[in-house]
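Below is one structure, written out as structure tokens; the observations come after it.
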Amino acid sequence: MLTVKDFIEKFDNGTLKDKDIKRVPGDFIDSDDATGGWILRDVINKYVVFHIKDRYFIKIMAENKVLELNYNSFFC
């Protein structure tokens, strides 16, 4: 099981593997250390947007990638 702490650590170090990404955010969203809030899913475009504390992420299902969204760059 991939915990929120493990995800953040691996994401920041660039060591997330394909098997880790496949489990995001399903493995950790309901765990005790989940610190996020809403999850937005779009089945048609196949992406998941989720947040952990003050960080926002998007998972592109077809490409099996997780990217961090920087909302500040949208408003500058």
Side-chain angles (χ1 to χ4, degrees):
M1 177 174 251
L2 184 68
T3 65
V4 171
K5 182 180 176 183
D6 291 339
F7 167 76
I8 293 295
E9 183 178 309
K10 288 182 175 188
F11 184 86
D12 288 345
N13 293 330
T15 58
L16 273 176
K17 297 182 180 175
D18 284 343
K19 66 179 183 173
D20 296 327
I21 295 170
K22 286 180 183 177
R23 297 180 348 211
V24 170
D27 265 13
F28 59 71
I29 200 62
D30 292 325
S31 67
D32 290 339
D33 61 352
T35 55
W38 50 268
I39 296 179
L40 173 65
R41 297 180 186 268
D42 185 328
V43 178
I44 295 169
N45 294 321
K46 298 188 180 187
Y47 67 82
V48 178
V49 177
F50 59 97
H51 74 88
I52 300 170
K53 293 189 180 177
D54 58 349
R55 295 176 72 178
Y56 295 81
F57 300 91
I58 185 168
K59 176 182 174 179
I60 312 293
M61 305 292 247
E63 297 177 22
N64 198 40
K65 289 185 178 180
V66 175
L67 306 170
E68 186 167 8
L69 301 172
N70 183 346
Y71 66 90
N72 290 330
S73 64
F74 294 114
F75 299 108
C76 293

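- Note that CD of E9 and OG1 of T15 are 7.0 Å apart. Values are rounded to the nearest 0.5 Å.
- Judged by distance alone, the side chain of K65 and the main-chain N or O of I58 form no donor-acceptor pair under 3.5 Å.
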Inset, instruction - Please test F7 against I52 for side-chain contact (heavy atoms from CB on, under 4.5 Å), starting from the C-alpha separation and ending with a verdict. - result: CA-CA 10 Å; F7 167 76; I52 300 170; 3.7 Å; yes
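- R23 has no carboxylate O lying under 4.0 Å from a charged side-chain N of D6, or vice versa, which leaves the two without a salt bridge.
- To the nearest 0.5 Å, the span separating CZ on R55 from CD1 on I8 amounts to 4.5 Å.
- Of the possible donor and acceptor atoms, one in the side chain of K59 sits under 3.5 Å from a partner among the backbone N and O of I21.
- The shortest side-chain heavy-atom distance between Y47 and L67 does not fall under the 4.5 Å cut-off.
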